[in-house]
Structures are given as structure tokens and as C-alpha cells.
Number of protein chains: 2
Amino acid sequence: MPSIKDVAELAGVGVGTVSRVINNHPAVKSVTREKVNAAIKELNYIPNEVARNFKMQKSTMVALLLPSIWHPFFSELAFYIEDQLDREGYKLMLCNSGGRPDKELYYLDMLNQNKVAGIIGITYNDIEDSVRTDIPIISLDRHFGKKITCVTSDNYTGGRIALQELVKAGATKVAYLGVTSSAYSEVVLRKSGFIDEAKIQGIEFSTYEEHDEVYEDDSFFENFFNLPHHQNVNGIFANTDLLAAKYIDKAKLNGLRTPEDVKVIGYDGIQVNKLFRPILSTIRQPVEEMARMSVKLLLRKIEGEMLEQEIYRIPVMYRRGETT
Amino acid sequence: MPSIKDVAELAGVGVGTVSRVINNHPAVKSVTREKVNAAIKELNYIPNEVARNFKMQKSTMVALLLPSIWHPFFSELAFYIEDQLDREGYKLMLCNSGGRPDKELYYLDMLNQNKVAGIIGITYNDIEDSVRTDIPIISLDRHFGKKITCVTSDNYTGGRIALQELVKAGATKVAYLGVTSSAYSEVVLRKSGFIDEAKIQGIEFSTYEEHDEVYEDDSFFENFFNLPHHQNVNGIFANTDLLAAKYIDKAKLNGLRTPEDVKVIGYDGIQVNKLFRPILSTIRQPVEEMARMSVKLLLRKIEGEMLEQEIYRIPVMYRRGETT
DNA sequence: CACCGTATTGGAAACGTTTCAACGTTTTTT
DNA sequence: AAAAAACGTTGAAACGTTTCCAATACGGTG
């Protein structure tokens, strides 16, 4: 594998000159530039990016730390994040924490050692304190404090819209269905917005929540349907699309048809729910915009800029499907 | 940021000794080890992984190069690949090529420059020739030649099983529905298996295919339903689950109910199709096993081992849903 | 022709680590 | 008690780049 030194030798110039040619530094006579380029071509020389990163004491690697790329919302997010990073000349490292706090910390340590340029994180932990160095971080949907800028959708308004739309669709008794993973999650605002609007409209409502871990098994829904005050609920706002889809399924087993007997609205707006039948009505997070904004903000932080806001809230949109 | 030198100084030992302590080299007296560890703790020293990679001329970064993490099958795959890599002490870099040959080559160049330890690729291009260095590569579902080991599901048998199951479900005239992205794709074997078995069983069949790019718009299905020889088709084998789901949708618009009027089987076995209604019957690729095997094989290649096979085919399974 | 200023160029130092030959110290063997 | 062997340790070299300072070349000016 030829190095810059070999190129310099063959071209009959110094290594500094070769470096300048590679980096398009203007102070090189064009005749010299030609010679060097010829030598590069002849030797099939490829600059060693690792050596460069080492020397420069910085890299162009950004880590995306999330619970699981498996989840459709995260994979859509990751797609746009990677795309934007690539446009900006950065690379993406993917870290699945499984939502486990210990694994998040383990990854954070590793990213430290590897001197990544920045981190975009969707974490359980308050990483504000646990990250020991000054790697720039953007947090999605989790608000910890000043140091870590948060990008999120406008959850509160989303919750309000959800209620409004359920009412418009004819619901008279509604419930909020939630799984929450982190104490710091902005997701609780979906509930607040929903509740506040329910009070304003004078609609009867209830809430039913569990932690992430539990909702894989069926007891979550069994309990829901067994509780007496959930009788006659005819409007459901689930805080993710996947949860909404599961609800619809379980409701059917309990003899409730959607949307005839119960209206359902989800949250996220993942692409695959266009394939669900009935098509899910949802509060759509603008995932592409959130992804691109996260990257842009992170890069500004990497450049050393101070950001003007601590939280960036991106507007949401109601997307009607067939469940309302 | 303290370096190994600072640690050595504080501990009153040579840098080589510190290095051996960090790397758990046995030839260090325990009293020395203590001193060094104390110094490490005091200085809050973190080994610089970038410098280490540079010196060692190798990294523990593996790249996953695929069309789009957006696709549920790929995101499931990525999840397990990341998990297995992490277990083995490696990291994952994610590259979405968008299925565009030029972008694949661009990424390949970049990975070269960045001296990744290995690549797991799902590509359009025959990367056997275009990759200029000897970075180990595992290719998923694409078979190019000896240099690049291929991991794939048993597509041929999958195609045969699909036909058998359609017949069992009562289909009498069947069609293969396909989108193919790469000339090198092993996916064509799904068709071959399907056809061969149809001939064996003496079932009337036809095939209908397009390239990846086209199937997003509706003309794909319009044409399908308009062709006279597709009249009375009552069994469909689509070569991906997503395609099957879209077919079912369009069929409904054409007055065909699934499974009453037409039986449908997909391929992949992505998790979300449990949420489709009706639940899709499918030929399930063992995605976790494929992911873990790809990683293990890649690591063996990285260690310099020669692999015994050029293609590793992993058995598939029929998973019955509600569309047959 | 001497001088100056500017445009190019060369090459050494530095980044933080591993490794290895050489050296120093302790233990074992004779 | 000396020699040999085993064990620990040191510090310099090397990995491939960038950057900076000094050196050189070249053109123009007085």
C-alpha cells in the first residue's frame, strides 16, 4: 500500500507538496500539481483516512445511538440521518442499545475512546452527566438540560390534535394508551396535550400506561379491556403507531370493530402503516425534517457554534387513514 | 486529554509498560500494574482508539452497505448484524446506497480510504472487481465469484415450497410476481424453484417482473391486471412481503378478495407483516441466523482464514398467515 | 546588478500508540 | 559463589499524515 512518501519520491517532490496537492491547497504550481497527480495515478495511491484522522485529532464519524434499528420509526430516521450526514461529508456509526441503560453507557464510553465527532442519541439515561468528554450531542425526543440540544416533534400539539380528531370522528369517551421508555422523554407531552384538550372539550377520558418492557406480552391489553372504566371507550389515542396497530388487533378479538365501534389514532406516521388494514390514522412526525435538522444542528455544534435554542420542536400533522 | 506518556510519567514507568498494562500483557509485575492503574485512574486516562487503529494499521469497523435501511427486512438484518458485531468487539458503519451503482462505488472507495476491517454488502454492482484492495467482503443474496463469499437463504427451495403451499391452499392457476434489483441476485432462484415445481405438479403458471425502480408507481399492478393471461389467476407468489402486501391491496381494488379469490404468499418473513390484515403467509428467511452467520464468516475472513464454501445457503420455512 | 517581495517547495516535528531490541534485576542451576 | 536463565522494564522507532518554518526560486524595481 503506497504512502504519501512513495508518491513524493516518484514525483520528485517533498511530502508536504503532495499533501498540499491532495488537499487542494492553492499554493502549488500547476506543473508540480500535474507531476504529483501523475504519480498518484501510477501508484494507485489512496490517502489513508485513518492516519489523517489521527493526525488531525478528529474524525468525521457520527454515532447514532438508539434503542433498536428494528423499529420502523427509527429505521426511517436512520435512513435520513445517514443521507444528510453523507451529504455533509460525514459517516454514520450505528449503535443499538436495546434501551438498556448499561449498554448505553458502555456505548458512550466506546464512542469516547473512538473520538467520534458527535452523537445523535435516543437514550434512556441522562447522558448529560455520564458523558465524560465534550463530544457534541443531539438528543431526539429526550430533554435533559442545556448541554444536550433536543430535537423533537411538537408532542403537546400532537396530543391535542389527536383528541380533536377523535371527537370530530364521533368519539365520546376516549383513552390515552401509552408505553413510555424514559423518564426524560418528551413523549409525556402527547398525553398532556391530549388530556388538556379533553378537559377543554369536556370529553370523558382516561389514561393507561406501562413501561416499554411489558407491552410485548398480552397482559397489557388484557388488563386494559378488563378494567371497568374502559367499557364503552370509543376513541383511542395510542402514543405510537405500532401500539395502535396492536390495539386494533386486540380490540377485534374483544368484538370491537375499527372504526365502527372505536376510532383509533396513532403517533409517528411510519410508512408501513399504509399497509395495515384498516390504514391507520396517525399524528405524523416529520421524520425526514427531524433527521436533517438533527444532523445540521449537530454539525453546527461540532464546528464549535453555540445553538440558540435548547429544544427544537417540529410541527406535526394529522394524517387521516381509515381508523377514524 | 492525557496520553499514555502522561500516565507513564506519573506512574514513574516507561510507556511500554503502560501499554502492556492496558492490553493485559502478562509480563508485568503486579506491583507495577497497581501503580499504573492508579495513575490511569488519577488522570482519568482513556486509551485513544484512533491512535491504536492507526498504529496497528487495522480497525474494528465493519461496514454494512445496503440499498436502504428503510426497508423492514434490511433493518431487521442490520439489527442482528450490529448485535453480533458488538459481541465480537466490532463496530458497525451504515451505508445506504439507495441501490444506485455509482453510490455503491463511491462508498466502496470511501471504505477503502477508511481502512474498514470488512464489508457486508447487498449491492447491485459486481463488487468483486471494483474493490481495489483486499478488504474481506461478505455478500448477502448476491453471488459474484470466489473472492466474495455469499450468504443467502435457500431461494430455490423457498420457491418450490411457495408453489406447493399455494396448491395445497387450493390454487389452480398461479403467477410469480417479482421485482429484481441486481443481475447477480440469488433472488431469481425463487422464480426457478417456483417454476420447476409448477411444472412437476402440472399447474398452469406465469411470471411477471420489473426492475426495482418501477414498482413504486402503480402502473406495475395496472399492467398486471390488464394482461389477459392473468385472468383467473388464483395463486400469487410475490418475491418480497412488501410486494405481496401491495398486491393484496391492488387486488382488492380489482374486486379480488384474499384469500377467498386469490391466495398469496410473500417472501422474507418481516416482523411487521404480523400487523397486516390479513396476516401475510410467507416464506420466512431466518434473518437472525443469516445476520449472525454473515458476521462470523466475515470475521473468519478478517482473521485470514480461507472459507470452505463460496455460497452458504440457509434453509427457509413456510409461515402460514391468513392469505392462504 | 543588488535588492526586495512573493510564490513555491522541502523536510522535520508532532499526533498516541505498539513493539522490539537491549538492558537490568531477580531467581535458579551448577 | 559464579554462571545461566528467566523475568521485567525501558525507550526509541515506526505507522501516514499535516503543518510550519526555513529555504529557494523567480520576478520586478531602484
Side-chain angles (χ1 to χ4, degrees), chain A residues 1-40 43-61 89 110-117 133, chain B residues 1-40 43-61 89 109-117 133 135:
Chain A
M1 193 95 316
S3 78
I4 208 171
K5 217 170 163 180
D6 302 311
V7 175
E9 222 157 274
L10 179 62
V13 301
V15 289
T17 304
V18 177
S19 173
R20 279 188 296 262
V21 169
I22 295 168
N23 296 295
N24 290 313
H25 195 286
V28 183
K29 267 209 291 198
S30 61
V31 50
T32 318
R33 194 178 291 275
E34 293 308 319
K35 272 196 301 185
V36 172
N37 279 327
I40 287 177
L43 291 175
N44 219 326
Y45 164 77
I46 304 172
N48 184 331
E49 198 66 29
V50 180
R52 181 177 286 170
N53 286 341
F54 165 61
K55 167 65 190 176
M56 309 290 268
Q57 298 286 79
K58 68 194 179 79
S59 81
T60 56
M61 182 71 71
M110 187 271 277
L111 296 174
N112 250 309
Q113 294 200 14
N114 283 277
K115 305 242 174 299
V116 294
T133 52
Chain B
M1 194 94 316
S3 79
I4 208 171
K5 216 169 164 181
D6 303 310
V7 175
E9 222 157 274
L10 179 62
V13 302
V15 290
T17 304
V18 177
S19 174
R20 283 196 313 270
V21 170
I22 295 168
N23 296 294
N24 290 313
H25 195 287
V28 183
K29 270 206 289 197
S30 61
V31 49
T32 317
R33 192 178 292 275
E34 294 307 319
K35 272 195 301 185
V36 172
N37 279 328
I40 287 177
L43 291 176
N44 219 327
Y45 165 76
I46 304 172
N48 184 330
E49 198 67 29
V50 180
R52 181 178 284 169
N53 286 341
F54 165 60
K55 167 64 189 175
M56 308 292 269
Q57 299 287 80
K58 70 196 178 79
S59 80
T60 55
M61 182 70 71
D109 259 7
M110 187 271 277
L111 297 174
N112 249 310
Q113 294 200 13
N114 283 277
K115 304 246 173 298
V116 295
T133 52
I135 298 182

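Per chain, numbering begins at 1; letters A, B, ... match sequence-line order. Treat the numbers as computed from the prediction; the structure is a model and nothing was measured.
At least one side-chain nitrogen or oxygen of B:T32 sits closer than 4.0 Å to the OP1 or OP2 atom of D:dT9. At the phosphate of D:dT18, OP1 or OP2 sits under 4.0 Å from a side-chain N or O atom of A:R52. OP1 or OP2 of D:dT17 has not a single side-chain nitrogen or oxygen of A:S19 nearer than 4.0 Å. In this model, the phosphate group of C:dT9 is not approached by any side-chain N or O of A:T17 to a distance below 4.0 Å at OP1 or OP2.
Residues A:A51 and A:V28 each lie close to DNA chain C; by heavy-atom proximity, the contact nearer the 5' end of the strand is made by A:V28. Comparing A:G16 and B:G16 by the nucleotide of DNA chain D that holds the closest heavy atom to each, the one mapping nearer the 5' end is B:G16.
The main-chain N or O of B:V50 is found under 3.5 Å from a side-chain atom of B:N48 such that the two form a donor-acceptor pair. At least one donor-acceptor pair closer than 3.5 Å links the side chain of B:N114 to the backbone N or O of B:M110. Side chain of A:D6 to backbone of A:S3: a donor-acceptor contact under 3.5 angstrom is found.
B:E49 places its CD atom 16 Å from the C1' atom of C:dC15, with the value rounded to the nearest Å. The CD atom of A:E9 sits 13 Å away from the P atom of C:dG10 (whole-angstrom rounding). For the pair A:N53 CG and C:dT17 P, the computed distance is 16 Å after rounding to whole Å. Here D:dA13 presents its P atom at 13 Å from NZ of B:K5, a figure rounded to the nearest Å. Following rounding to the nearest Å, A:M1 (CE) and D:dT17 (C1') show an atom-to-atom distance of 16 Å. Rounded to a whole Å, the CD1 atom of B:I4 is 12 Å from the C1' atom of C:dT19. We find that CG of A:N23 is positioned 8 Å from C1' of D:dT18, with the value rounded to whole Å. In this structure, A:M56 atom CE and C:dG16 atom C1' are separated by 16 Å, rounded to whole Å.
Nearest to the side chain of A:V15, among D:dA12, D:dT18, C:dC15, sits D:dT18. Closest to the side chain of A:R20, from the set C:dT9, D:dT18, C:dT18, is C:dT9. Comparing atom distances between the B:K55 side chain and each of C:dT9, D:dC15, D:dT18 picks out D:dC15 as nearest.
For A:K29 against C:dA7, no side-chain N or O and base N or O form a donor-acceptor pair under 3.5 Å.
At a threshold of 4.0 angstrom between heavy atoms, the contacts of A:V13 are confined to the sugar-phosphate backbone, with no base atom among them. Within 4.0 Å of A:S3, counting heavy atoms only, lie sugar-phosphate atoms of the nucleic acid but no base atom.
Judged by distance alone, the side chains of A:R20 and A:T17 do bring a donor and an acceptor atom under 3.5 Å apart.
Taking each heavy atom of B:P2 and B:N44 in turn, the nearest pair found is CG-O, 4.2 Å.
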